[in-house]
Amino acid sequence: MIKINLDRVMLERKISSKALAEKIGITQANLSILKTGKARGIRFDTLEKICQTLNCQPGDILEYEEKTDV
């Protein structure tokens, strides 16, 4: 499964959801969907804008975790 670490990166960079959404040109609602992991996908241009704004790599935001069946 893919884990989204956007909240952590935003906290490290001290940027609010509102500010990030404005800078990358998406709504706060869509950013929230992405942050909570409820998004079914992300456009590469959106990912690129996030990385440019936060000065990070895609791997800082997206992480692969093995699914554990409990």
Side-chain angles (χ1 to χ4, degrees):
M1 87 186 234
I2 302 296
K3 182 178 173 188
I4 308 295
N5 296 315
L6 186 54
D7 273 341
R8 179 181 50 80
V9 177
M10 288 173 60
L11 186 62
E12 291 170 0
R13 304 301 193 272
K14 297 180 172 105
I15 188 168
S16 69
S17 293
K18 181 180 179 182
L20 181 59
E22 287 175 1
K23 288 183 180 197
I24 64 174
I26 65 172
T27 66
Q28 282 184 262
N30 284 339
L31 182 60
S32 177
I33 290 168
L34 180 59
K35 286 175 27 181
T36 59
K38 294 179 181 174
R40 304 283 297 161
I42 182 170
R43 295 177 60 137
F44 283 131
D45 62 330
T46 302
L47 183 58
E48 182 178 358
K49 289 175 186 175
I50 291 171
C51 289
Q52 286 173 344
T53 302
L54 298 178
N55 191 28
C56 66
Q57 294 294 315
D60 298 329
I61 297 169
L62 305 173
E63 178 181 353
Y64 172 74
E65 276 187 353
E66 288 283 335
K67 254 190 178 175
T68 55
D69 294 328
V70 179

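These values consider heavy atoms only, across backbone and side chains, with no hydrogens, waters or symmetry-generated copies. One-based numbering along the sequence shown.
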Indicate the atoms forming the closest heavy-atom contact of [X] with [Y], along with that distance.
{"X": "Cys51", "Y": "Pro58", "answer": "SG-N, 3.5 Å"}
{"X": "Asp60", "Y": "Asn5", "answer": "O-CB, 3.6 Å"}
{"X": "Lys35", "Y": "Asp7", "answer": "CE-OD1, 2.7 Å"}
{"X": "Ile61", "Y": "Cys56", "answer": "CD1-SG, 3.7 Å"}
{"X": "Leu54", "Y": "Met10", "answer": "CD1-CG, 4.3 Å"}
{"X": "Ser17", "Y": "Leu31", "answer": "O-CD2, 3.3 Å"}

Exercise. Are Ile42 and Ile2 linked, directly or through other ILVMFWY residues, by side chains that come within less than 4.5 angstrom of each other?
Worked result: yes
Exercise. Should Leu6 and Tyr64 be regarded as members of a common hydrophobic cluster, given that ILVMFWY residues are connected when their side-chain heavy atoms come within less than 4.5 Å of each other, either directly or indirectly?
Worked result: yes
Exercise. Would Leu47 and Leu62 count as a side-chain contact (heavy atoms from CB on, under 4.5 Å) if you check the C-alpha gap in whole Å, the side-chain angles of each, and the deciding distance to 0.1 Å?
Worked result: CA-CA 10 Å; Leu47 183 58; Leu62 305 173; 4.3 Å; yes
Exercise. With a 4.5 Å heavy-atom cut-off, do Ile15 and Lys23 have their side chains touching?
Worked result: yes
Problem set entry | pair Val9-Ile50: side-chain heavy atoms closer than 4.5 Å | no
For this session: Count the heavy atoms of every other residue, nucleotide or ligand shown that sit under 6.0 Å from CD of Gln57, and state whether that count exceeds 12.
Result: no
